[in-house]
Amino acid sequence: MDINCKHCNNLLEQEVKFCSQCGQSVVKTVTNTKIKNVNIIISFYIAMLVFMVIVYFIDLNFPFNLEADLIVETGFACIVLGFASLDFKPVLLLYNIKQLNLKLIGFAALTPIITSFFVYFFIEYANYLFSDVEAANYYESYQYLDYPLFWSILFIAILPPIIEELAFRGVLFNQLLKVTNQKLTIIATAFLFALIHFSIFSFLWIFPFGLLLGYLRYKYNTLWLGIIIHFLHNFIILMLDYYSFYSF
């Protein structure tokens, strides 16, 4: 991690104790920067946990309610954008399309075909083995609304990839990289990403899915691959539910 001398703004390596330009001590600056990063990480985790509790009670008390869904999505977006504003320039760089090429885009388009079909039929088979309850049909859960396909695509395929990738592979990923190594960063972001989906069973596939997205984020320094894969993965599963709903 590079830092700037707070006295003369000279770019410094983290390991140095004194600024090569003005001679002032930079040890305190490094320590203060790390403390600030840790505080942001802790605040982010607390905000996510509080948000999860609130969402749980909203879902419990206001099922099948469009206004409740809109409030949840808006609240989540506001939390994520608020944290993103604390590290705006580094986060903005993750949306640079120069990192992309046809090979990467092709990989991002093909990967969710594999992940979505595996997850869809794995969950269906697991429910058959261990439970008498059928897996939830995401499309069916929006049947109480006019234009259910529109709302299900918005809430399942469009908004989650945009907001969640910014939250976990953007904001949290950047902050963790400043205080730990890339492996722990990928694992920690994948863990919280899986945790917010409220399902111990789904954790079995969401966590490795998060590891994949985190690895791509680190290797190519862009959020676009994660957004594309995340969107197509959710969209394909939704379309399988759509087909299933009208087939039976």
Side-chain angles (χ1 to χ4, degrees), residues 41-42 44-60 63 69 72-73 75-76 79-80 83 108 111-141 152 155-173 175-177 180-218 223 225-238 240-241 244:
I41 293 167
I42 293 172
F44 185 88
Y45 268 82
I46 292 173
M48 288 295 101
L49 291 174
V50 171
F51 177 76
M52 287 167 59
V53 172
I54 293 173
V55 171
Y56 174 78
F57 282 104
I58 289 177
D59 287 344
L60 201 63
D69 286 341
V72 167
E73 293 297 335
F76 188 31
I79 292 171
V80 173
F83 278 98
T111 299
I113 296 176
I114 299 171
T115 61
S116 58
F117 275 87
F118 172 78
V119 168
Y120 189 85
F121 291 106
F122 166 74
I123 290 178
E124 186 177 87
Y125 181 68
N127 276 291
Y128 171 77
L129 286 180
F130 303 111
S131 174
D132 295 330
V133 180
E134 292 185 1
N137 186 300
Y138 293 111
Y139 172 73
E140 185 177 5
S141 63
S152 59
F155 285 119
I156 294 172
I158 296 177
L159 292 179
I162 294 173
I163 303 174
E164 290 176 9
E165 291 310 306
L166 172 59
F168 300 108
R169 260 67 66 177
V171 174
L172 183 59
F173 205 100
Q175 293 300 325
L176 282 168
L177 273 182
T180 188
N181 60 56
Q182 66 270 22
K183 289 183 179 179
L184 286 177
T185 296
I186 292 171
I187 293 170
T189 51
F191 179 81
L192 186 57
F193 172 64
L195 194 64
I196 67 162
H197 286 81
F198 299 103
S199 173
I200 296 176
F201 184 72
S202 294
F203 192 96
L204 296 175
W205 70 264
I206 295 177
F207 179 66
F209 186 64
L211 292 177
L212 170 64
L213 298 181
Y215 171 77
L216 293 173
R217 149 68 180 88
Y218 176 76
L223 291 179
L225 293 176
I227 290 173
I228 294 170
I229 292 173
H230 200 158
F231 164 75
L232 289 175
H233 175 91
N234 288 10
F235 181 77
I236 292 170
I237 287 180
L238 178 61
L240 289 170
D241 277 344
S244 176

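This chain uses plain numbering: 1 for the first residue, then up along the sequence. Predicted, not measured: the structure shown is a model, and the values here were computed from it.
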Do V119 and F209 make a side-chain contact, defined as non-hydrogen atoms from C-beta onward lying under 4.5 Å apart?
no
Short question: side chain of S244, backbone of L240 - any donor-acceptor pair under 3.5 Å?
no
Would you say the ring centroid of H230 lies under 6.0 angstrom from that of F193?
yes
Report yes if the side chains of L176 and L184 come closer than 4.5 Å at any heavy-atom pair, otherwise no.
no
Go through the steps to decide whether L212 and L216 satisfy the test side chain to side chain contact (heavy atoms under 4.5 Å, CB included), and finish with yes or no.
CA-CA 6 Å; L212 170 64; L216 293 173; 4.2 Å; yes
Around atom CZ of F117, are there more than 12 heavy atoms of other residues, nucleotides or ligands at under 6.0 Å?
no
Applying side-chain hydrogen bond (donor to acceptor under 3.5 Å, both in side chains) as the test, list every pair that has at least one member in residues 112-121; sequence neighbours left out.
T115-H233, Y120-D241
d(E165 CD, T189 OG1) to nearest 0.5 Å is 9.5 Å
Y56: which of D59, I54, L60 passes side chain to side chain contact (heavy atoms under 4.5 Å, CB included)
L60
Determine, stepwise, if the pair L192 / F44 fulfils side chain to side chain contact (heavy atoms under 4.5 Å, CB included).
CA-CA 10 Å; L192 186 57; F44 185 88; 3.8 Å; yes
Any non-hydrogen side-chain atom of I196 less than 4.5 Å from a side-chain atom of F168?
yes
Does any part of the side chain of R217, heavy atoms only, come nearer than 4.5 Å to the side chain of L223, both counted from C-beta?
yes
Test item: L172 and M48 side chains (from C-beta on) under 4.5 Å apart, heavy atoms:
no
Tell me whether T111 contacts the main-chain N or O of A108 through its side chain, where contact means a donor paired with an acceptor under 3.5 Å.
no
Let me confirm one number: the CD-CD1 distance from E73 to I163, rounded to the nearest 0.5 Å.
5.0 Å
Name all residues meeting the side chain to side chain contact (heavy atoms under 4.5 Å, CB included) criterion together with L211; count only those two or more places apart in sequence or in a different chain, and write none if there are none.
I186, I187, A190, F207
What I'd like to find out is whether the side chain of L177 reaches to under 4.5 Å of the side chain of Y218, using heavy atoms alone.
yes
